[in-house]
Chemist: 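Mind having a look at this structure? Questions to follow.
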Amino acid sequence: MSSDKPDRWMSWVSPGHGHISRFLQPLQRSMWENIRPGQFLNQGQETSQWAFYQAKSIKSYIYEIQKQKLELEVLADRGKQTGAMADRYQKIIQDYDKQIKRYEV
């Protein structure tokens with residue numbers, strides 16, 4: 001292709017580009033005028049709050065599952081446990097109860 005002859009694609013795109021940008025400029029301007037200054041900051045804070053809520057929910061769920069697992073182990077090993085072992089299980093289960101209440105949403 002010679003450098004003297006313009007590319008057909010460029011001759012088609014170039015005139016249309018000006019019309020498109022003239023059409024989009026007012027839309028873009030009006031879009032930015034309607035945005036409040038702190039809107040992006042507020043959106044970030046909302047996202048952080050949602051992540052915090054999700055983290056609390058996940059932690060609570062994990063403690064509930066662990067508590068249920070320990071309670072099932074206690075039931076399964078009822079006759080095989082020593083007094084100290086049963087006390088230890090109950091202490092851990094009580095600690096899990098406290099953690100579950102702490103992370104309740």
Chemist: Could you grab the distance from atom NZ of K101 to atom OG of S60, nearest 0.5 Å is fine?
Modeler: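 Going from the NZ atom of K101 to the OG atom of S60 covers 12.0 Å.
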Chemist: If I take atom CD1 from residue I93 and atom CD from residue Q68, how far apart are they, to the nearest 0.5 angstrom?
Modeler: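 One gets 11.0 Å once the value is rounded to the nearest 0.5 Å.
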Chemist: From L70 CG over to L75 CG, what is the distance, rounded to the nearest 0.5 angstrom?
Modeler: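 L70 atom CG to L75 atom CG measures 11.0 Å (nearest 0.5 Å).
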Chemist: Roughly how far, to the nearest 0.5 Å, is CD1 of I100 from OH of Y61?
Modeler: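 Going from OH on Y61 over to CD1 on I100, the span is 12.0 Å.
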Chemist: Could you label the plane-to-plane angle of the Y63 and Y103 rings as parallel, tilted or perpendicular, counting under 30° as parallel and over 60° as perpendicular?
Modeler: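 Answer is parallel, since the angle falls under 30°.
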Chemist: How long is the straight-line distance from NZ of K67 back to CD1 of I92, given to the nearest 0.5 Å?
Modeler: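 Nearest 0.5 Å value for the CD1-NZ distance: 13.5 Å.
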Chemist: Return yes if a side-chain donor-acceptor contact under 3.5 Å exists between Q81 and Y89, otherwise no.
Modeler: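 Their side chains do not contain a donor-acceptor pair, so the 3.5 Å distance test is not met.
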Chemist: Are the side chains of K59 and I62 in touch, meaning some heavy atoms are under 4.5 Å apart?
Modeler: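 A side-chain contact under 4.5 Å is absent here.
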Chemist: If the threshold is 4.0 Å, N to carboxylate O, is there a salt bridge linking K91 and D87?
Modeler: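 So K91 does not pair with D87 through a salt bridge.
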Chemist: Would you say that R88 contacts M85 through its side chain, given a criterion of any heavy-atom pair below 4.5 Å between the two side chains?
Modeler: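 No, too far: nothing below the 4.5 Å cut-off.
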Chemist: Kindly compute the distance separating CD (Q49) from CD (Q54), expressed to the nearest 0.5 Å.
Modeler: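 With rounding to 0.5 Å, CD (Q49) is 13.0 Å from CD (Q54).
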Chemist: What are the two closest non-hydrogen atoms of K56 and E104, and how far apart are they?
Modeler: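 Where K56 meets E104 most closely, the heavy atoms are NZ-O, 3.8 Å.
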